[in-house]
Amino acid sequence: MCSVISRVRPVQRALALTLRLRTSTEGSSYAAAERRRFCPGVSNDIHPLRAPSRSYCSRVALTQGLLFKQLFESESSTYTYLLADTETKEAILIDPVLETIDRDLKLIHELGLNLKVAVNTHCHADHITSTGLMKKRLVGLKSAISKLSGASADIHLSEGDKINFGKHYLTVRETPGHTDGCVTLVLGDQSMSFTGDALLIRGCGRTDFQQGCAKRLYESIHQKIFTLPDHCLVYPAHDYRGQTASTVGEERKFNPRLTKSVEEFVDIMNNLNLPKPKKIDISVPANLVCGVHEV
């Protein structure tokens, strides 16, 4: 028995030392960077290495009184974002996907939220939005999209518009280039940005269809997103490599396309030779009418 205890005690001491070291660095930028690196969308009470899947991901929001959920749809690798005021329970949903409407509505019901607006960052080509069908199942819900998208919605967004939910709001920044109607949505305190397909993690949206223009995209990102604070978290509409979030500072420094000159960027984008999105022929017509075209 004594030999067993003697073997355990060094482990306990090492664990205690690890916990003390972790506590001492909890408020440091290093600790914060490490948490973001492993799973920036995961709540602090969930170990990132034990996350069972990427279909449901949440984190403790940096903004007081804000509930935030990051949700994932695997077929199109789309992120859907749910934000809510914890006091008023007013909520908004960003880039919802038709295939996951039941999951999203179940979560909204479980949390007792009042979903006010479902907004799309642009007219998607790789999936059909659930906003139109969701409006039929939630009384009072309004849809929103950029007025430059050409799509129908209850609310047509322009530069500087605010989407309010409780005491919080998102500000619209027009970031065309992937499509004419792309917008980036920035939380009021500039701690979070939802960049749609304009800026991805270490990448960007393609520019070879739907009014795409590489030069315009480069200018949009540099003028409207890279002017945000370095610490502002970047949450894209898609990721295909298991990444959940980045920061403006990281992307400005490390994004392999956007650290190039505009001429080099245009050359890269013009020579990607990517296959046509599989669902573009059904997704775009459906999304132009709020996702209710023959669904």
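Bear in mind that the values here come from a model prediction, so they are computed numbers and not experimental data.
When the ring pair (Phe, Tyr, Trp, His ring centres under 6.0 Å) test is applied to H124, the partners found at least two apart in sequence or on another chain are H122, H127. Taking the ring pair (Phe, Tyr, Trp, His ring centres under 6.0 Å) definition, one finds that H109 meets it with nothing, sequence neighbours left out. Taking the salt bridge (Lys or Arg N to Asp or Glu O under 4.0 Å) definition, one finds that E263 meets it with nothing, sequence neighbours left out. With sequence neighbours left out, S193 forms a side-chain hydrogen bond (donor to acceptor under 3.5 Å, both in side chains) with no residue at all. In this structure F165 satisfies the ring pair (Phe, Tyr, Trp, His ring centres under 6.0 Å) test together with H168, sequence neighbours excluded.
Under the 3.5 Å distance criterion, the side-chain polar atoms of R241 are matched with a main-chain donor or acceptor of I201. Side-chain N or O atoms of H156 include one that pairs as donor or acceptor with a backbone N or O of A151 at under 3.5 Å. No donor-acceptor distance shorter than 3.5 angstrom exists from the side chain of E251 to the backbone of S246, with no hydrogens or angles considered.
The pair E110-K69 fails the salt-bridge criterion, with no side-chain N (NZ, NE, NH1 or NH2) lying under 4.0 Å from an Asp/Glu carboxylate O. By the 4.0 Å N-to-carboxylate-O rule, D281 lies close enough to K276 to be salt-bridged with it.
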Exercise for the section: Could you give me the CA-CA distance, side-chain angles and deciding distance for M134 and L93, then say whether side chain to side chain contact (heavy atoms under 4.5 Å, CB included) is met? Expected result: CA-CA 11 Å; M134 194 172 285; L93 195 64; 3.8 Å; yes
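Remark: K215 NZ is loosely packed, at most 12 non-hydrogen atoms of other residues, nucleotides or ligands lying under 6.0 Å away.
F226 and H222 have perpendicular rings, their planes meeting at more than 60° on a 0 to 90° scale where under 30° would count as parallel.
Two residues are said to be in side-chain contact when any heavy atoms from C-beta on lie closer than 4.5 Å; Y79 and D239 meet this criterion. Side-chain contact between I155 and I163 is absent, with no heavy atoms from C-beta onward closer than 4.5 Å.
Annotation for S143 and T131: closest pair CB-CB, 4.3 Å, computed over non-hydrogen atoms. Taking all atoms of both residues into account, the shortest heavy-atom contact from C204 to L258 is CB-CD1, 4.4 Å. The minimum heavy-atom distance linking D104 with P96 is given by the pair OD2-CB, 4.3 Å.
Separation of atoms CZ (R252) and OG1 (T247) is listed at 8.5 Å; rounding is to 0.5 Å. Note that CD1 of I128 and CG of N287 are 6.5 Å apart. Values are rounded to the nearest 0.5 Å.
Applying the salt bridge (Lys or Arg N to Asp or Glu O under 4.0 Å) test to pairs two or more places apart or on separate chains, those with a residue in residues 152-181 are D85-K167, E87-K167, K135-D154, E159-K224, D180-R216.
In the model, D126 has no side-chain atom that pairs as donor or acceptor with a side-chain atom of S76 under 3.5 Å.
Residue F194 is not grouped with residue V234 when hydrophobic side chains (ILVMFWY) are merged at heavy-atom distances under 4.5 angstrom, including chains of intermediate members.
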